[in-house]
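Note on naming: letters A, B, ... go to the chains in the order of the sequence lines (proteins, then strands), and numbering restarts at 1 for each one.
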Amino acid sequence: MNLTATMIGQSIAFFLFVAFCMKFIWPPLMQALEERKRTIADGLAAAERGKREQEIGEKKALETIKKAKQDAAEVIALAEKRASEIADEAKLHAKAEAERIVTAARAEIDQEVNRAKEQLRAAVSALAVSGASRILEKEVDAKAHAQLLDSVMKQL
Amino acid sequence: MTGETHTSSEYITHHLQNLTFGRLADGTWTVAHTAEQAKEMGFWSLNLDSLGVSIALGVFFLFLFRRVAKRATAGVPGGLQNFVEWVVEFIDGAVRGSFSGRNALVAPLALTIFFWVFLMNFMDLISIDYGPKAAELSGLHFFKLVPSTDPNITFGMALSVFALVLYYSIKIKGVGGFLGELTMQPFQAKSIPMKLLFLPINLFLETVNLISKPISLSLRLFGNMYAGEMIFILIAVMYGASLLLGSFAGLLQVGWAIFHILIITLQAFIFMTLTIVYLDMAHQEHH
């Protein structure tokens, strides 16, 4: 084992290899490793964020449902109130209408009665005139006795 | 396996001889044909096999990781990217655990050291005869397949790490701070004469401490791998002895190889961790 210039050759090769490794091998490999580490960290953070967002979303959904239920109950109560109001109104309206009809009918009846009375009076007066003329066997001057007849008619 | 004409010791020395390229005494540049020739070449020669295999493995490592790095996605990773990411995260964790300073160099340095040393050690698990045999077929005399059993390789790396340690020590603490670290501890004094008295002792201790870092770093890896290789060679020698010893050697080889998987990984990891620790010490300010 004698030491020779091989030593120097090996030294030169050693420095060249180390320089190459330092320039072209180590940095890209470390960069890839770092990048992967970052990607994984980002992914985990994103998952965590997603989970939190989902929780918030669920809470929000529950709140929305609760509010919707409340709103629906209010609407139903309102509708029921309104329905009963409408029913009451209709009842009132119907009653008024009925009264109106009844009153109108009564007025008509009165009118008819009056007319009938009027006719009856005319007929009775005519009958009285013709009966009296027959009894008297003579022509009664209608014009002369009109005043008398009118007073008779009014007594009826 | 050894030929008829080879003895066991010839076989072993053959397996431990590097393929050396250098200048012979007569002035010609050539590949050494014998161990004596290789020795004759002195310092200015190259172990072609160690250097070649080591650089090839380094390039393979860079190619593999670069391929993944180029198309690395932050999405779902494929099989190879998964493996590369696992290695990178393991290294990143080790660096974060032992290195307290801020330096973009340390993590890629640790990754390169770990994977490169691991691959070089891994060559130990390839049967020891494959390398020399393949070399023989292509006309070469020697071939050592495992670069980390060559002290040149481990020293080369350890000295490079040492250079980085010195560079960062001086860069972070300044020349004064670095020299102060060498001379003002471990023995500390309040008065100037006492400081001067302790100075040589401190300098001696700290220098030994400093120098021991690259030496222990390289010799630990070299020693472990060389010993492992040696045991593989000795087991291989047993194959030629007899049928009974041969089959026992087979068992031993499997056992040792399985155990060695642990060792090669562990040694690569230790080399990396100590590099990180030394650099961390270089970045720390002492008082």
Check your understanding: Relative to chain A, which segment of I113(B) carries a heavy atom at a distance below 4.5 Å: side chain, backbone, both, or neither?
Key -> side chain
Exercise for review: Go through A107(B), G58(B), G22(B), A104(B) and name the one with the most non-hydrogen pairs under 4.5 angstrom from chain A.
Suggested key: A107(B)
Revision key, fill the gap. One option among F21(B), Y226(B), W44(B), W116(B) has the most heavy-atom pairs under 4.5 Å with chain A, and it is W116(B)
**Study point:** Region of F15(A) in contact with chain B, defined by heavy-atom distances below 4.5 Å
**Key:** side chain
Check your understanding: What residue, out of L109(B), T112(B), L62(B), V68(B), has the most heavy-atom pairs lying under 4.5 Å from chain A?
Key -> L62(B)
Review point. Chain A heavy atoms under 4.5 Å from Q81(B): which part of the residue, side chain, backbone, both or neither?
Key: side chain
Review point. To the nearest 0.5 Å, what is the distance between OG (S98(B)) and CG (L279(B))?
Key: 11.0 Å
Revision key, fill the gap. Bottom line for V59(B): the part with an atom under 4.5 Å from chain A's heavy atoms is both
Review point. With respect to L46(B), which candidate in L51(B), T20(B), L19(B), V31(B) satisfies the side-chain contact (heavy atoms from CB on, under 4.5 Å) definition?
Key: L51(B)
Review point. Using non-hydrogen atoms only, which part of I25(A) is less than 4.5 Å away from chain B: side chain, backbone, both, or neither?
Key: both
**Study point:** Test: R115(A) and E118(A) ion pair at under 4.0 Å
**Key:** no
**Study point:** Proximity breakdown for D92(B) and chain A, heavy-atom pairs closer than 4.5 Å
**Key:** both
Review point. Does E85(A) pair with R82(A) as a salt bridge, N-O distance under 4.0 Å?
Key: yes
**Study point:** Contact origin within I8(A) toward chain B - heavy atom pairs under 4.5 Å
**Key:** side chain
Check your understanding: Would E85(B) and R36(A) pass as an ion pair if we require N to O under 4.0 Å?
Key -> yes
Study note, to complete from the structure: Rounded to the nearest 0.5 angstrom, the CZ-CZ distance for F17(A) and F61(B) is 9.5 Å
Check your understanding: What heavy-atom pair brings M230(B) and I12(B) nearest, and what distance separates the two atoms?
Key -> CE-CG2, 3.6 Å
Review point. When the ring centroid of F269(B) is compared with that of F90(B), is the distance short of 6.0 Å?
Key: yes
Exercise for review: Heavy-atom pairs under 4.5 Å with chain B are the metric here; pick the option from T39(A), L33(A), I40(A) that has the most.
Suggested key: L33(A)
